[in-house]
Amino acid sequence: ITIGNHPYYFVSYSDDNNPVLITKEYIEIPDADSNCWRDNNVRAFLNGEYLKSLSPALQNRIVETSVQTKTPESSRDNPEFYTTMDRIFLPVPGNFLEESESWTIYSEEIVFGGEKIPSDLVTGQQTLLRTPSVYSSTDFAGSNENDLAAFWGDYSPCTTWALPIMIVDVQS
């Protein structure tokens, strides 16, 4: 799907039967300044500057979405979550992976249906997630306690690339 000059991949439908889209091209983002999505400058950038860079027609159709994210303080055995309202957000490991012994997938964090984002969209670059870096495994890790986790690609202390997700209202 191409909207304006931007290519998107259709992932699934939301609970409201609106398409869930993820960018097919990486966007450059600022370095994360917190391991908490709620307080992170990347969230502010995506829902501010990046959103404003999209066509007005698309901006008006992006749905404000309730997004649950695991807190940095919670543990695997005692997960705690908080909710933000975002028009644009980043994926979590559960958007790409199935649960295994190496990691736990929390259904609370998965905003849309059970469809996985195809791994071929991730082209070897670190892809920033909204998951705190303290929740990590061999497949995704953060550089320090003040970072969000990153997925795939070569490890680097600063991940400045992301594949943002949005839900677009096509019924209005």
Side-chain angles (χ1 to χ4, degrees), residues 9 11-18 20-23 26-27 29-48 50-51 62-119 121-122 125-167:
Y9 179 84
V11 178
S12 181
Y13 285 101
S14 68
D15 292 341
D16 296 333
N17 213 27
N18 286 312
V20 177
L21 305 178
I22 186 168
T23 58
Y26 283 92
I27 65 159
I29 55 171
D31 290 342
D33 66 352
S34 164
N35 68 347
C36 182
W37 173 248
R38 172 184 51 222
D39 305 325
N40 202 288
N41 64 316
V42 173
R43 177 176 174 250
F45 168 79
L46 290 173
N47 286 280
Y50 176 72
L51 178 64
I62 297 174
V63 177
E64 187 171 58
T65 304
S66 177
V67 177
Q68 284 196 358
T69 306
K70 188 172 177 257
T71 67
E73 302 80 24
S74 61
S75 67
R76 178 179 245 181
D77 297 331
N78 187 24
E80 296 175 10
F81 303 90
Y82 60 87
T83 302
T84 56
M85 296 301 293
D86 296 309
R87 295 180 67 200
I88 299 178
F89 51 96
L90 296 179
V92 293
N95 293 131
F96 296 97
L97 305 170
E98 299 295 335
E99 188 159 341
S100 76
E101 289 182 23
S102 299
W103 54 80
T104 302
I105 302 300
Y106 299 99
S107 61
E108 294 88 348
E109 290 186 306
I110 300 174
V111 175
F112 48 89
E115 297 295 318
K116 300 294 181 202
I117 297 169
S119 59
L121 283 182
V122 182
Q125 294 191 52
Q126 288 260 39
T127 303
L128 196 68
L129 304 172
R130 69 174 192 275
T131 304
S133 66
V134 293
Y135 173 60
S136 64
S137 79
T138 56
D139 287 313
F140 47 91
S143 58
N144 59 51
E145 65 185 33
N146 291 320
D147 201 358
L148 296 171
F151 196 57
W152 281 308
D154 297 326
Y155 178 79
S156 68
C158 296
T159 301
T160 57
W161 299 100
L163 295 169
I165 297 173
M166 61 191 75
I167 298 175

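Keep in mind the model is a prediction, meaning the values are calculated, not measured.
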Exercise. Do side-chain atoms of R130 reach the backbone of R38 as a donor and acceptor pair under 3.5 angstrom?
Worked result: no

Exercise. Taking only residues two or more places apart in sequence or in another chain, which ones pass ring pair (Phe, Tyr, Trp, His ring centres under 6.0 Å) with F81?
Worked result: Y106

Problem set entry | Expected output: side-chain N18 to main-chain S14 donor-acceptor under 3.5 Å | no

For this session: Would you confirm whether N40, through its side chain, and S34, through its main-chain N or O, come within 3.5 Å as a donor-acceptor pair?
Result: yes

Problem set entry | CG-CD1 distance between L90 and I165, expressed to the nearest 0.5 angstrom | 7.5 Å

Problem set entry | Validation row: D86, W37 side chains within 4.5 angstrom (heavy atoms) | yes

For this session: Could you tell me which residues satisfy side-chain hydrogen bond (donor to acceptor under 3.5 Å, both in side chains) with T23, sequence neighbours excluded, listed by chain and number?
Result: none

Exercise. Does E109 reach the main-chain N or O of K70 with its side chain, forming a donor-acceptor pair under 3.5 Å?
Worked result: yes

Exercise. Do the side chain of D33 and the main chain of N41 share a donor and acceptor less than 3.5 angstrom apart?
Worked result: yes

Exercise. Do any N or O atoms from the side chain of T65 and from the backbone of V67 form a donor-acceptor pair under 3.5 angstrom?
Worked result: no

For this session: Start with the C-alpha distance between T69 and F89, add both sets of side-chain angles, then the distance that settles side chain to side chain contact (heavy atoms under 4.5 Å, CB included), and finish with yes or no.
Result: CA-CA 11 Å; T69 306; F89 51 96; over 6 Å; no

Exercise. Under 3.5 Å, side chain of Y50 to main-chain N/O of I29, donor-acceptor pair present?
Worked result: no

Exercise. Does the side chain of N47 come within less than 4.5 Å of I88's, by heavy atoms?
Worked result: yes

Problem set entry | Nearest-0.5 Å distance, CZ of residue R87 to CD1 of residue I62 | 5.5 Å

Exercise. Who are the side chain to side chain contact (heavy atoms under 4.5 Å, CB included) partners of N17, not counting sequence neighbours?
Worked result: Y13, Q171

Exercise. Looking at SG of C36 and CZ of R43, how far apart are the two atoms once the value is rounded to the nearest 0.5 Å?
Worked result: 9.0 Å

